[in-house]
Amino acid sequence: MIDEPDLAVILVAANRCLSDRLVSAVRKAGAPDMRPAFGFVVRAVDAEEPTVGRLAELLGVSRQAASKLADEMVRRGYLLRGADPADRRRTRLRLSAKGRRVRERAADESSAIESELRAAAGDRAVDGMRTALMAFIEREGALDEVRALRARAVL
């Protein structure tokens with residue numbers, strides 16, 4: 001019999017808790033229709049104002065799935081579509097004012113969560129956790145996502 005949960009269970013539960021906190025924070029900040037999947041799109045669009053095709057690559061989903069999600073987020077006021085200044089035939093996605101508010105509120109909540117962890121476990125423990133997780137992320141080939149301040153969606 002195993003007395004302690006394995007690391008995968010802990011990380012998945014922590015991810016769920018983090019997602020719940022972020023969604024709750026942005027809903028309270030004026031985005032009541034916020035869904036967890038929107039957060040991945042907001043980060044990706046904030047990072048580089050992609051085309052829908054590029055958004056699909058960033059999220060690791062089909063172009064059709066990215067297009068459907070982008071359409072929904074445009075309808076709900078999180079994203080705007082605009083011509084690419086370098087090539088007017090291409091359309092780029094960018095954050096609307098609502099999308100920027102969501103991004104800022106989520107970033108504030110993320111900082112608050114880290115502060116709570118530092119208060120509970122200490123700076124050394126949180127710094128060690130960050131180092132260990134970054135090493136794992138690098139070994140698994142996802143360091144570019146983290147460096148670009150985004151993550152591939154788990155939709």
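Hydrogens, waters and symmetry mates play no part in the numbers below; they use all other heavy atoms, side chains included.
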Would you find a donor on one side and an acceptor on the other, under 3.5 Å apart, between the side chain of Thr131 and the backbone of Asp127? yes

Phe38 versus Leu69, closest heavy-atom pair with distance: CE1-CD1, 3.7 Å

Identify the heavy atoms of Pro50 and Ala44 that sit nearest to each other, and give their distance. CD-O, 4.0 Å

Begin with the C-alpha distance, continue with both residues' side-chain angles, and end with the deciding distance and a verdict on side chain to side chain contact (heavy atoms under 4.5 Å, CB included) for Arg21 and Glu116. CA-CA 13 Å; Arg21 286 272 303 264; Glu116 291 170 19; 2.8 Å; yes

Judged by atom type as modelled, is there a donor-acceptor pair below 3.5 Å linking the side chain of Arg94 to the main-chain atoms of Glu49? no

Salt bridge (charged side-chain N to carboxylate O under 4.0 Å, His left out), that's the test. Do Glu57 and Arg54 meet it? Break it down for me. CA-CA 5 Å; Glu57 291 173 24; Arg54 176 67 178 146; 3.1 Å; yes

Does the salt bridge (charged side-chain N to carboxylate O under 4.0 Å, His left out) test come out yes or no for Arg118 and Glu114, once each step is laid out? CA-CA 6 Å; Arg118 288 183 181 281; Glu114 183 167 343; 2.8 Å; yes

Let me check something: do Leu59 and Leu95 share a hydrophobic cluster, defined by ILVMFWY side-chain heavy atoms less than 4.5 Å apart, either directly or through other members? yes

Assess whether side chain to side chain contact (heavy atoms under 4.5 Å, CB included) is satisfied between Thr51 and Leu93, documenting all intermediate values. CA-CA 6 Å; Thr51 62; Leu93 299 168; over 6 Å; no

Which distance, rounded to the nearest 0.5 Å, do you find between the CZ of Phe40 and the CD of Glu145? 9.5 Å

Is there a chain of hydrophobic side chains (I, L, V, M, F, W, Y, each step under 4.5 Å between heavy atoms) that links Val61 to Val74? yes

Counting only N and O atoms by type, is there a donor-acceptor contact under 3.5 Å from the side chain of Arg103 to the main-chain atoms of Val42? no

Above 12 or not: heavy atoms from other molecules or residues under 6.0 Å from CZ of Arg130? no

Looking only at atom types and distance, does a side-chain atom of Lys98 sit under 3.5 Å from a main-chain N or O of Leu79, one as donor and one as acceptor? no

Could you tell me whether Asp71 and Arg81 make a salt bridge, using a distance below 4.0 angstrom between a side-chain N and a carboxylate O? yes

Considering non-hydrogen atoms only, spot the tightest contact between Ala66 and Val52 and give its length. CB-O, 3.9 Å

N/O donor-acceptor pair under 3.5 Å between Ser19 side chain and Pro36 backbone: no

Contact between Tyr78 and Asp33 at the side-chain level, heavy atoms closer than 4.5 Å - yes or no? yes

Show your working on salt bridge (charged side-chain N to carboxylate O under 4.0 Å, His left out) between Asp20 and Arg16 and close with a plain yes or no. CA-CA 6 Å; Asp20 290 351; Arg16 183 193 48 78; 3.0 Å; yes

Stepwise, does the side chain to side chain contact (heavy atoms under 4.5 Å, CB included) test hold for Met134 with Leu143? CA-CA 7 Å; Met134 288 297 288; Leu143 191 57; 3.5 Å; yes

First locate atom CG of Leu18, then atom OG of Ser110, and finally report the distance between them rounded to the nearest 0.5 Å. 6.5 Å

Closest approach of Arg88 to Ala83 (non-hydrogen atoms, all atoms of both residues): NH1-CB, 3.5 Å

How far does OG of Ser24 sit from CE of Met34, to the nearest 0.5 angstrom? 11.5 Å

Tell me, with the steps shown, if Arg105 and Asp108 meet side chain to side chain contact (heavy atoms under 4.5 Å, CB included). CA-CA 5 Å; Arg105 183 60 191 104; Asp108 290 346; 3.6 Å; yes

In Å, rounded to the nearest 0.5 Å, how long is the span from CZ of Arg92 to CG of Asp87? 9.0 Å

Check the pair Arg35 / Glu72 against salt bridge (charged side-chain N to carboxylate O under 4.0 Å, His left out), numbers first and verdict last. CA-CA 11 Å; Arg35 294 187 0 222; Glu72 181 180 359; 2.7 Å; yes

Do you know which two heavy atoms are closest between Leu11 and Leu133, and how far apart they sit? CD2-CD2, 4.2 Å

Identify the two heavy atoms, one from Val26 and one from Ala106, that lie closest to each other, and give their separation to 0.1 Å. CG1-N, 3.9 Å

Nearest 0.5 Å, please: how far is CD1 in Ile137 from CZ in Arg147? 11.0 Å

Is it possible for you to say whether Leu7 and Phe136 belong to one hydrophobic cluster, with membership spreading through side-chain heavy-atom contacts below 4.5 Å? no

